[in-house]
Structures are given as C-alpha cells and as structure tokens.
2 protein chains.
Amino acid sequence: MSEKREILVVEDDTALLPMITYNLEKNGFLVKEATNGEEALLLIKEEIPSLAIIDWMIPAPSGLEVCRILRKKKETSKLPIIILSAKGEEEDKVRGLNTGADDYITKPFSPTELMARINSLLRRSTSSSEEIIEFKDISINLNEHKVYRKNKKIHLGPTEYKLLKHFLENPGRVYSREQLLDSVWGHGIYVESRTVDTHIRRLRKAMNVPGTKNFIRTVRAAGYSIDID
Amino acid sequence: MSEKREILVVEDDTALLPMITYNLEKNGFLVKEATNGEEALLLIKEEIPSLAIIDWMIPAPSGLEVCRILRKKKETSKLPIIILSAKGEEEDKVRGLNTGADDYITKPFSPTELMARINSLLRRSTSSSEEIIEFKDISINLNEHKVYRKNKKIHLGPTEYKLLKHFLENPGRVYSREQLLDSVWGHGIYVESRTVDTHIRRLRKAMNVPGTKNFIRTVRAAGYSIDID
DNA sequence: GTTAAATGTCACAAATCTGTAACAAAACTA
DNA sequence: TAGTTTTGTTACAGATTTGTGACATTTAAC
C-alpha cells in the first residue's frame, strides 16, 4: 500500500522495545520510540502518529495518564491506542477503567497477534474515506494533512499545503498568480500578487529533499505549475 | 474523452495474465494483452489505450523502461500506468513512481484492489479537460503552456508563444505586421513594426527542430502566415 | 504572557525578455 | 544589371520578471 503509517511505541523494557520496533518496521511501519510518558507526549506533540502502543507500567506519567491526556486534546482524541500490560497485572482494571484505550494486549504476546491488533485498529480508523493524492515521489494524505516526498515527511505551513494540494489536483496545469490567490487564498482577499512568489519559494524549499530537484516550473509571464516531465 | 475503456495488460506470467484479463472484462473493460515490452509498445503505437497495467519483470524492455519510453512520447505522456511488482520493497515503489508510473501494486493483489486503483486513475485522467491545438507536427498545450514540434518540447518566450498561438488559430491566414501588433502585443501599444520581424525570427529559430523546415511563410509587402502546404 | 510559527511586503540580485538599430541578403523594378 | 525596397540576421542595452533573504506583524501554542 501507498499509505504512510507511523507508530509510536512507549515501552521502558529495554529488551522488549527493540523487538517490537523490529517487527513493526519489518511490516513497513515507521516507528518512533519513547521510554517514558513525558517523552511520549513530546513526540506526539511534534507529530501525531497513526497509532500508539503504550505500556501500562512506564515511568513518569503512566500509560493510563498519557492515555487520558491524549484523549483530552482535540488533535489526538481519536488517535488509536493499544495498551500493553503484564499478565496478571491489573488486566481487568485496564479494561474496566475507561481509559480511552482502543485495545489492550497482555504480555507476553506474539508478533502476529500484535500485527493483527494494529491492522484491525488502523483499518477501522482510516477506512472512513481515506484520501491520498500521489504524484511521482510526492504524496499527500488529505485526512492527516501530511505530506511526503520520497517517503520523507515534509512539514508545510497551511498556505504551502493548500498550494501544493491545488497544484497536484491538476498536475502540469499552469496557474497564474491571480488564479492561485483566488483558489488558495480565497475570493476577494487582497494581497500582493508577488506574495505568491514567496510562498512558491517556501514550498520549493520545504520540498527540497536531497536527491530531488525543483518540481515547480515557473512559466514566465504566466504563472507556475507542477513539472510533469 | 470517450467512454472507450480499453486496458492494455503486459504480463509474462501465463497463469496471472488470464486472471487479470478475466477480472477486467468482467468489469466491462476491453482488454489487450502483451507478454513483453516490445509487443506492448507495438500495440500502444497502434492504438492508445485508456490505461496500461505493466509488470515490472517482463522480457525485453522491462516495465520501467516501457514506462519511460511512453512518458517521453507526447501522445502517451499522460497515459495512466500501473506497475505490477513482486518485490514489495519500498525502494522499488519509489523508483516506479519516479519513472512516471501513476500507481504501483505489489503482487499478490486482490481483484478488488486492482479495480479500485484502476477506477481511481481513470477518474483522475478523464476529469481534466485538455485544451490542445495541433497543426502538422506542432502542438500547443494551452493548459500547460507547452509547445512541441515533432514531439520535442520547445521553449518559447511569452511573445513568441502568443505569436505562435495566434498563427495556429487560423492556419494559413496572412497577418500584416500591424494586425499582429494589435492582437499579440495589444491595442494601443506602440512599437516599431519591424519588431515583429525580430520575433518572427526568434519563433522560427526556436521551432527549428532538426528534420523540419521553416513553417512561417513571409508574404512580401503583406506580412506572415503559417505554411499550410 | 512568553515563545514559536506563519504571513505579507519589501529591497536587491539574478535571470530572461524586448525593442532597436545596423548591416547583410533577398526580392523586386525598370 | 543597377538601383530600390523589403526582409533576414545579429548584437546589445534597457526593461521586465522572478528568485531570494530579511523584516515586522499577526496568529497560534503552551
């Protein structure tokens, strides 16, 4: 599949963590690791993953607390979470308490089981009208507002994001600055047409991953377009 | 575009090919089959399909090479292409998309998945209305502001572009320098009428692809026109 | 309230285009 | 053919358009 899937694993057991990571990466996931709750929250603030696997017993804010915090924030309120717990620990409590976790797994568990749970959750969370635009080595996940080039994540400001999206909806088509102002900035909003240049510049810069070349063509006296050659 | 839904399948696996064909036909497509790259190119030259499904590992020119060749030709530069690959490595995928493939499917795949990808691509490719002016070996894509002669891309400055476009809108018609100044440069803009000569010269030069001859006729004491003979 | 991120403008540099003039070549005229 | 007119060709300086980095202001995040 062409879909970008990123998973955060929060686990303080230094023997278990690499194992989980290994299995996830083998299955094509991009993995971020944290060993305590604080670290986890930082990473999530930075970038919201597609799914989080959190151990119940971690230092600092516990898995449960992390869970609660995540649920409170709008951005992460729907983030699929899997809680890991040791057998005999407070299994029922985890399940019974309404922590907001979407699933929980009892240690020890098999890689197969883990993958099954993950896939199940992801299917559920992304099945609702997943929209991805791809063009050459660029891809945009419209649901998550994430942009990738050559499988590397790109951070774009809102305007650059809209610009790129607009270009990709008609690859190759040339848009004048006025047209772009109209469709990206919005009808009736007046800004200098040269502002477009600056944002084009920013978009180019942001998308400039090593090993790629400028993908926006400028058509003198006409405007800009995606380079489709 | 018409509702002619024709798909070319290039696959050397004699077990897989009939399966794909069967599924496509069941969905109302007209299927053409090829088992190697050469055959595929011949079929495409004969008749450009609405979409091509090409296996990565085929004899003669590989899937990617075929892809590249198709992208270079103007007639097929926008033909939607799906690459099939047995290796599921990320690297291959990137390479596939870089080469110009529009989508990429890893074997094994389900008929459902295949159909989903096909429909998605067809929807995309038929939605953008193309404005193209063609005359002999010259063609202008108005949306993309691109000019070709003998399938070679030509770079023109703004004035030359407008000049050419103006000529092609009435092939054969003779325009005086004054008329050209009026319609290409614009009403009320005063420049020496001999400026037209210079731009005609530049246009001729730019369009002078090897194996072609001067396509602008000068009509002494009257003006210029496209040569329609 | 402090920090950070995003936005719109501007000024200057770099790239490209344009109009002209001057001369060469070709076409026409007598 | 010589002379005249028209067009081809080239070079170049000035004009336009675009690239780029910096800055102040606004907006959002925490």
Side-chain angles (χ1 to χ4, degrees), chain A residues 38 41-48 61 69-70 72-77 145 147 154-165 174-182 184-186 188-208 213-225 227, chain B residues 145 147 154-165 174-182 184-186 188-208 213-225 227:
Chain A
E38 203 157 344
L41 288 173
L42 277 174
L43 283 173
I44 289 177
K45 197 157 70 183
E46 219 169 71
E47 172 86 50
I48 300 171
I69 293 168
L70 291 176
K72 269 187 197 156
K73 300 197 183 182
K74 189 164 140 276
E75 303 84 29
T76 54
S77 66
H145 274 239
V147 176
I154 307 287
H155 173 80
L156 296 180
T159 308
E160 281 71 56
Y161 176 82
K162 276 186 270 179
L163 243 190
L164 177 63
K165 181 176 164 230
V174 176
Y175 294 99
S176 70
R177 291 176 176 72
E178 285 67 32
Q179 287 178 308
L180 291 172
L181 285 176
D182 229 50
V184 173
W185 274 255
I189 290 181
Y190 179 72
V191 291
E192 292 290 326
S193 81
R194 291 233 44 208
T195 295
V196 175
D197 296 38
T198 302
H199 283 276
I200 288 284
R201 154 84 172 137
R202 286 168 182 157
L203 179 54
R204 278 173 169 155
K205 204 170 181 181
M207 301 290 290
N208 180 30
K213 55 176 191 293
N214 192 355
F215 73 108
I216 300 182
R217 177 173 69 119
T218 105
V219 182
R220 194 169 237 260
Y224 298 94
S225 84
D227 206 340
Chain B
H145 275 244
V147 176
I154 308 287
H155 173 81
L156 297 179
T159 307
E160 281 71 58
Y161 179 82
K162 279 185 268 179
L163 242 190
L164 176 63
K165 183 177 163 224
V174 177
Y175 294 98
S176 72
R177 290 176 177 73
E178 285 66 30
Q179 287 177 309
L180 291 172
L181 285 176
D182 229 50
V184 174
W185 273 254
I189 290 182
Y190 177 72
V191 290
E192 293 290 326
S193 80
R194 290 233 44 208
T195 295
V196 175
D197 296 38
T198 303
H199 284 278
I200 288 286
R201 153 81 173 142
R202 285 169 181 155
L203 180 53
R204 278 173 169 155
K205 201 172 182 182
M207 301 289 290
N208 180 30
K213 55 178 192 290
N214 192 355
F215 74 108
I216 300 182
R217 183 170 62 117
T218 101
V219 183
R220 199 181 165 88
Y224 298 95
S225 85
D227 206 338

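Since the model is a prediction, treat every value here as computed from it, not as a measurement. Lettering follows sequence order; numbering is per chain, from 1.
- Taking the side chain as every heavy atom from C-beta outward, B:Leu164 and B:Phe215 approach each other to under 4.5 Å.
- Counting all heavy atoms, side chain and backbone alike, A:Gly223 lies closest to A:Arg177 at CA-NH1, 4.3 Å.
- A:Ile216 places its CD1 atom 14 Å from the P atom of D:dT18, with the value rounded to the nearest Å.
- Distance A:Arg194 CZ to D:dG19 P: 8 Å, rounded to the nearest Å.
- The separation between B:Glu178 atom CD and D:dT6 atom P is 12 Å, rounded to whole Å.
- Partners of A:Arg202 by side chain to side chain donor-acceptor pair (under 3.5 Å), not counting sequence neighbours: none found.
- Base contact: B:Thr198 has a heavy atom under 4.0 Å from a base atom.
- Distance, B:Arg202 CZ to D:dG8 C1': 13 Å, rounded to whole Å.
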Atom pairs under 3.5 Å: protein N/O with N/O of nucleotides 1-4 of chain D:
none

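- In this structure, B:Lys205 places its NZ atom 12 Å from C1' of D:dG8, rounding to the nearest Å.
- Extent of DNA chain C lying under 4.0 Å from chain A heavy atoms, first and last nucleotide in 5' to 3' order, is C:dA6 to C:dC17.
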Quiz item: When you look at A:Leu181 and A:Val196, which way does the side-chain contact (heavy atoms from CB on, under 4.5 Å) test go after all the steps?
Solution: CA-CA 7 Å; A:Leu181 285 176; A:Val196 175; 3.6 Å; yes
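- Dashed line: the shortest gap from a side-chain N or O of B:Arg177 to OP1 or OP2 of D:dT7 is under 4.0 Å.
- Within 4.0 Å of A:Tyr224, counting heavy atoms only, lie sugar-phosphate atoms of the nucleic acid but no base atom.
- Evaluated for a side-chain contact (heavy atoms from CB on, under 4.5 Å) with B:Tyr161, the options B:Ile154, B:Val184, B:Val147, B:Leu203 yield exactly one hit, B:Val147.
- Nearest approach of B:Glu192 to B:Tyr190, heavy atoms of both residues: OE2-OH, 3.6 Å.
- The aromatic rings of B:Trp185 and B:His199 sit perpendicular to each other, their planes meeting at more than 60°, with 30° as the lower class boundary.
- Using a 4.0 Å heavy-atom cutoff across all strands shown, B:Val196 reaches no nucleic acid atom at all.
- In this structure, A:Thr195 reaches the bases: a heavy-atom distance under 4.0 Å links it to at least one base atom across the strands shown.
- Taking atom CD on B:Glu192 and atom P on D:dC12, their separation rounds to 21 Å, with Å as the unit.
- The shortest heavy-atom contact between A:Ser193 and A:Glu178 is CB-OE2, 3.8 Å.
- Between B:Val174 and B:Gln179, the shortest heavy-atom contact is O-OE1, 3.9 Å.
- Rounded to whole angstrom, the span from the CG atom of A:Asp197 across to the P atom of D:dA22 amounts to 18 Å.
- B:Arg204 comes within 4.0 angstrom of sugar-phosphate atoms only, judged by non-hydrogen atoms across all strands, and of no base.
- We find that CG of B:Asn208 is positioned 14 Å from C1' of D:dT9, with the value rounded to whole Å.
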